[in-house]
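Just below is one structure, and these are the notes that go with it.
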Amino acid sequence: GDQAAMPEQINVDIKTLTRFLTEEQVKHKEATGDFTLLCHALQFSFKQIAYYIRRATLVNLTGLAGSSNTTGDDQKKLDVISNDLFIATMRSSGKVSLLVSEEEEEVIYFKDAKDARYAVACDPIDGSSNLDAGVSVGTIFGVHKLAEGSTGTKEDILKPGTELLAAGFTMYGASAQLVITMKGGSVNGFTLDNGLGEFILTHPDMKLPKSRAIYSVNEGNSLYWEDNVKAYFNSLKEAQANGKPYSARYIGSMVADAYRTLLYGGIFAYPADKKSPKGKLRILYECAPMAMVFENAGGQAVNSKMQRMLEIVPEHIHDRSGIFMGSYDEIEKVKSFHK
Ligand code: AHG
Ligand code: MN
Ligand code: MN
Ligand code: MN
């Protein structure tokens with residue numbers, strides 16, 4: 001006879017990001033709830049950006065905005081719109097004192113947020129050159145706490161990544177994946193359930209594999225690489241102990257390359273080179289937040305001088321750095337080529 005179809009296993013104990021944040025807050029006796037409210041504003045930004053990205057081709061939101069930003073990038077319409085809505089949600093939260101965005105030349109100060117204690121760095125759309133091709137892009141964020149007694153100045157965000165209170169990113173891929181980590185905490189991944197409109201905990205306590213034969217770098221820059229960088233990547237193309245070379249995966253959106261590296265292991269790199277001696281990726285809203293996620297997931301992140309990425313202090317808000325991040329053992333191997 002026909003088996004009665006098993007009812008889909010319904011998880012009646014779903015953990016949303018909202019519930020996760022409440023449980024985190026309870027762990028900190030002195031918590032005021034301000035950080036939780038800031039995270040609610042952050043998650044609403046991601047939901048909005050996800051919505052507009054999915055509709056971009058339908059409502060003529062692809063293509064260039066006709067402007068460029070202070071880091072020299074041509075701005076896409078979605079860069080500008082995502083930036084505008086991010087600023088609006090940070091402002092209306094009342095919890096953010098100042099904001100640095102890739103798309104804003106100067107720091108934005110929310111002077112009417114009198115008792116706001118947080119400084120936020122943000123890359124509203126990371127990988128925006130991929131947008132019109134429908135390739136995954138993302139939003140990267142970092143949260144610093146203002147120094148005691150500070151009324152909110154640039155110095156509150158020009159700090160080493162070791163002082164970040166929280167950092168993470170949302171990748172707008174097949175589904176919207178939010179990855180967040182708190183200072184000294186674990187890395188947790190959430191998937192946006194469009195039906196519920198909630199981020200659901202799907203990847204608790206993410207840990208990078210200690211090694212994995214995958215490398216992710218733009219080989220188109222190899223002409224400009226320093227010799228030890230060339231030597232390192234060439235070594236991956238030889239037969240390894242198992243007789244096989246590494247495989248190459250490069251999407252061109254840091255968030256997508258980072259998310260894959262976080263899940264599968266391996267290394268992602270954007271080395272400083274003769275063409276970009278200071279590197280391409282920006283410290284405050286790309287390198288430092290990603291470095292915090294990778295370290296809290298058991299990996300490493302270093303700059304082109306093999307210094308710990310989280311200890312680098314940017315002088316200006318759009319300062320760049322070379323970066324190598326990924327499986328712990330793989331970064332040790334990169335270091336061995338930089339003796
Ligand atoms: P953004 O779109 O925010 O300006 O960042 C683009 C960055 C990063 O996402 C990616 O890793 C890198 O640019 C790709 O650069 P190349 O195209 O030079 O490889
Ligand atoms: Mn850009
Ligand atoms: Mn970016
Ligand atoms: Mn960007």
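Start at 1 and go down the list; that is how both ligands and their atoms are numbered. If you're wondering where the values come from, they're calculated on a predicted model, not measured in any experiment.
The shortest N or O to N or O distance between Asp126 and ligand 1 is under 3.5 Å. Any N or O atom pair closer than 3.5 Å counts here, and Ser253 shares no such pair with ligand 1. Residue-to-ligand polar distances place Ser128 within reach of ligand 1: an N/O pair is separated by less than 3.5 Å. The shortest N/O to N/O separation between Met254 and ligand 1 falls below 3.5 Å. In terms of N/O distances under 3.5 Å, ligand 1 is not approached by Phe268.
Per-residue contacts place Tyr250 under 4.0 angstrom from the following atoms of ligand 1 (heavy atoms of the residue considered): 14 (C), 15 (O), 16 (P), 19 (O). Near Asp123, with a cut-off below 4.0 Å to any heavy atom, the atoms of ligand 1 are 3 (O).
Within the structure, ligand 1 lacks Ile140 among the residues with a heavy atom less than 4.0 angstrom away. For Val255, the heavy-atom gap to ligand 1 stays at 4.0 angstrom or more.
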- prompt: Step by step, would you call Glu219 with Lys237 a salt bridge (Lys or Arg N to Asp or Glu O under 4.0 Å)?
  reply: CA-CA 12 Å; Glu219 301 262 14; Lys237 297 174 184 174; 3.0 Å; yes
field: Worked verdict on Glu103 versus Ser101 for side-chain hydrogen bond (donor to acceptor under 3.5 Å, both in side chains)
entry: CA-CA 5 Å; Glu103 309 305 336; Ser101 163; 5.9 Å; no
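Scanning the protein heavy atoms around atom 13 (O) of ligand 1, the nearest turns out to be Lys280 NZ, 3.1 Å.
Residue contacts with ligand 1 for Arg282 involve side-chain atoms from C-beta outward but no N, CA, C or O (heavy atoms, distance under 4.0 Å). Counting heavy atoms closer than 4.0 Å to ligand 1, residue Thr71 contributes nothing at all.
For the side chain to side chain donor-acceptor pair (under 3.5 Å) test, residues two or more places apart in sequence or in another chain that qualify with Arg282 are Thr71, Glu102, Glu286.
Among protein atoms, those of element N, O or S found less than 2.8 Å away from the Mn ion (ligand 4) are Glu102 OE1, Asp123 OD1, Ile125 O.
Inspection of the Glu332 and Gln300 side chains reveals an N or O donor paired with an N or O acceptor under 3.5 Å.
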